[in-house]
Amino acid sequence: MEPGDFVEARRRLEAKARPGGVKLTSLTEAAGWVKDGDVVAIGGCCYSRTPLAILMEILRQKRRELTLARNLMCYEGEWFIAAKAVETMVSSWFAIGLPWGLSKVFRQAVEGGQLNYEEWSHLALGLRFRAGAMGVPFLPSLSMLGSDLMGVGSAKSMECPFTGETIALVPALFPDVAVLHVHRADRLGNCQIDGYPHMDVDIALASTTVLVTAEEIVSEEQIRSQPDRTKIPGFAVDALVEVPYGAFPHECYGLYEADFDHFDKYVSEGSSQGAEGVRQYLDRYVYNTPDHKDYLSLFGAGTLERKARDAQQLVGRG
Amino acid sequence: MSYSPAELLAVIAARQLAGVKSVFAGVGIPLLAAALAQKTHAPDLTIVVEGGSIGPELLPGQLPISTNEMRVAHRARVLPGITDTFLFAQRGFLEVGFVGGAQVDRFGNLNSSVVGPYNHPQVRLPGSGGANDIISLCHRVMVVTMHERRRFVPKVDFVTSPGFLSGGTSRRDAGLLFGRVSQVVTNLGILGFDEESKAMRLEGLHPGVSVDEVVEMTGFDLLINDQLPITDPPEEKELALLRELDTERRFI
């Protein structure tokens, strides 16, 4: 779909038989919605609430030629590069964080011409998802103007018809699939997110298909008792899977902190050796772990409990 | 009292926030500077972080590494979505922004995207993140960076974050009506920009630094003010506050 094609995006949404009922399914079936060549938008931000469990399942299913869109891309981006699963990335930033330096895998892929990288400012990418969520072709923006970012994506500028000033226009991004991790949902897919909302709601509404993992599936009564906390309505969700620790070792607000020791290990033993190092990591942590419970067992119950206590302390409940 | 270049940067940047009410700060030195300012020269300062945190308090020894993790939500007053956080700046609520970059040029343009051409870079860097938005949308922006010749280049390879573009009125002509780069704070001195040409100008030196040293570390012709006040060195109290926050000396 061309950027900003709101007519086609609406047609695709209406043409879909989005089920109104129970959305619960397995990780395998949920990830099965993703097809080769799809544009997949990833929720959360950097190492917060990254839907790692379903991303790993997409890798296990050997998808190819994907476009990945995420506002701040963390090392899950390296996984898709190393697995040769991604052709294009749309983002405003790609790294883990200062202590871990530049991403060697990302550098080699872009510098070697194997990856198309489309850079946007953080707000501009957020507005692209929001335009998609609103079902309109574009939104005006006051950033990006004058910068070279205007020339590397599909942004345009125009004279404002009301004031005559120059404004930037960013086209709606309508992903084929959104993958999100949330705190809790009922079986109908009504989703609640605690703490940072990031861009998840806009991503969900902009996408044709929405796949959600939740830390906990709760009763419809519990959702009805706090509807003001429900961020994504069930009618926007296609598939829902209960996956405790579904973002680990990334963080999930209030439930577990990121495991920085594991990041150190991932970089020193994996990504600092380039794509081959990441492939060895994937063999151990993704391809040889048939499900998420096996994966979590590699970290040990003690680590999971410790990270849960750290999270409680940080949000003032510990 | 001895101090590291990073500590000097944080202390000087914090002093520039005297009396400021809101600052858009990234993690690392900018966030430390903002937290220090709050405890010294700017008690009413609200810190805004791009991951979506307004008014957080830093936990000593548990400084955030990303702009969107729980550590930077600690005791926050609002946790808005990321797009909405930037829209507070676009609407005009946020006074000062902090940015940095791998390259900065004589018109204060910053590059954090690529060394070399965009499509075939010699070095692919992490990218804008919110830097482009902060420099475009806050009332004024402070560049905080180490002063190195390879960093201070005549013209950036890629304008990730627009300073004064090609100088003169070019920033405004591009549609950037509101913000401006007001200062460049480095480990050697404090720089500003000529009112007309918008070329970078040396306006102050840190203790023990000579003009020659600044010129040597700058890859383009700097304007130099006749009067160059010498910065007061970091005080014991300022350094103690910083070290209380960054107990692991992760950033300082």
Side-chain angles (χ1 to χ4, degrees), chain A residues 44-48 71-72 74 91-99 102-103 106-107 109-111 113 117 119-124 126-127 129-130 141-149 151-152 157 165-168 195-202 251 253-254 257-258 260 311 314-316, chain B residues 27-28 50-53 59 62 65-71 73-75 79-84 86-87 89-90 109 111-114 116 118-137 158-162 165 170-171 173-178 250-251:
Chain A
C45 181
C46 196
Y47 53 74
S48 296
N71 53 335
L72 304 185
C74 192
S91 185
S92 79
W93 190 85
F94 191 130
I96 305 176
L98 273 177
L102 299 178
S103 162
F106 173 55
R107 276 196 59 184
V110 176
E111 292 163 20
Y117 186 70
E119 182 174 339
W120 295 80
S121 81
H122 204 171
L123 172 60
L127 291 174
F129 287 130
R130 179 146 307 167
S141 165
L142 303 186
S143 59
M144 299 265 287
L145 289 160
S147 78
D148 288 335
L149 292 175
V152 300
S157 64
E165 300 288 355
T166 303
I167 53 170
Y196 294 112
H198 300 312
M199 297 184 180
D200 285 40
V201 177
D202 287 336
E251 74 163 42
Y253 182 94
E257 204 191 8
F260 297 125
L314 282 169
V315 299
Chain B
V27 291
E50 75 178 76
S53 180
L59 275 168
Q62 292 188 71
I65 301 166
S66 84
T67 58
N68 47 80
E69 63 181 279
M70 267 181 282
R71 290 179 178 203
H74 183 70
R75 288 181 50 78
L79 296 179
I82 292 167
T83 305
D84 297 308
F86 284 113
L87 292 178
Q90 181 167 287
N109 302 303
N111 175 16
S112 49
S113 298
V114 283
Y118 184 84
N119 286 317
H120 303 284
Q122 278 107 47
V123 185
R124 176 64 231 191
L125 300 162
S128 164
N132 173 285
D133 307 303
I134 291 169
I135 210 168
S136 302
L137 302 174
F158 186 91
V159 180
T160 311
S161 305
L165 296 176
S170 59
R171 179 182 165 98
D173 299 341
L176 293 165
L177 306 185
F178 305 114
R250 194 185 268 276
F251 299 106

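Throughout, a chain's letter reflects where its sequence line sits, starting with A, and its residues are numbered from 1. What's counted below: heavy atoms across the whole structure, side chains too, no hydrogens, waters or symmetry copies.
Neither the backbone nor the side chain of B:Val114 comes within less than 4.5 Å of any heavy atom of chain A. There is no contact between B:His120 and chain A, counting heavy-atom distances below 4.5 Å. Contacts between B:Ser112 and chain A at a heavy-atom distance below 4.5 Å are absent for every atom of the residue. For B:Arg171, no part sits under 4.5 Å from any heavy atom of chain A, backbone or side chain. If you measure heavy-atom distances from B:Leu125 to chain A, the contacts under 4.5 Å come from both the backbone and the side chain. Heavy atoms of B:Gln122 lying under 4.5 Å from chain A belong exclusively to its backbone. If you measure heavy-atom distances from B:Leu59 to chain A, the contacts under 4.5 Å come from the side chain alone.
Considering CG of B:Leu165 and CG of A:Asp148, their distance stands at 9.0 Å, rounded to 0.5 Å. A distance of 6.0 Å separates OG1 of B:Thr83 from CG of A:Leu127, quoted to the nearest 0.5 Å. For the atom pair B:Glu50 CD and A:Trp93 CH2, the distance stands at 9.5 Å (nearest 0.5 Å). How far CG of A:Leu149 is from OG of B:Ser161: 7.5 Å, rounded to the nearest 0.5 Å.
Of all heavy-atom pairs between A:Tyr47 and B:Ser66, the closest is OH-N, 3.2 Å. Of all the heavy atoms in B:Ile82 and A:His122, the pair that sits closest is CG2-NE2, 3.5 Å. A:Glu119 and B:Ser113 get closest at one heavy-atom pair: OE2-OG, 2.9 Å. For B:Ile65 against A:Gly97, the heavy-atom pair with the smallest separation is CG2-CA, 4.2 Å. Across all non-hydrogen atoms, the minimal contact from A:Cys46 to B:Asn68 is CB-OD1, 3.7 Å.
Checked by atom type and distance alone, the side chain of A:Tyr196 pairs as donor or acceptor with a backbone atom of B:Glu69 at under 3.5 Å. Side chain of B:Asn132 to main chain of A:Ser121: no donor-acceptor pair is present (N/O by atom type, distance under 3.5 Å, no hydrogens or angles). Judged by distance alone, with hydrogens and angles left aside, the side-chain atoms of B:Gln90 form no donor-acceptor pair with the main-chain N or O of A:Ser141 at under 3.5 Å.
For A:Asp200, the salt bridge (charged side-chain N to carboxylate O under 4.0 Å, His left out) criterion is met by A:Arg49, not counting sequence neighbours. Contacts of A:Tyr117 classified as ring pair (Phe, Tyr, Trp, His ring centres under 6.0 Å), with partners at least two apart in sequence or in another chain: A:Phe106.
No other option in A:Leu145, A:Ile167, A:Leu102, A:Val201 has as many heavy-atom pairs under 4.5 Å with chain B as A:Leu145.
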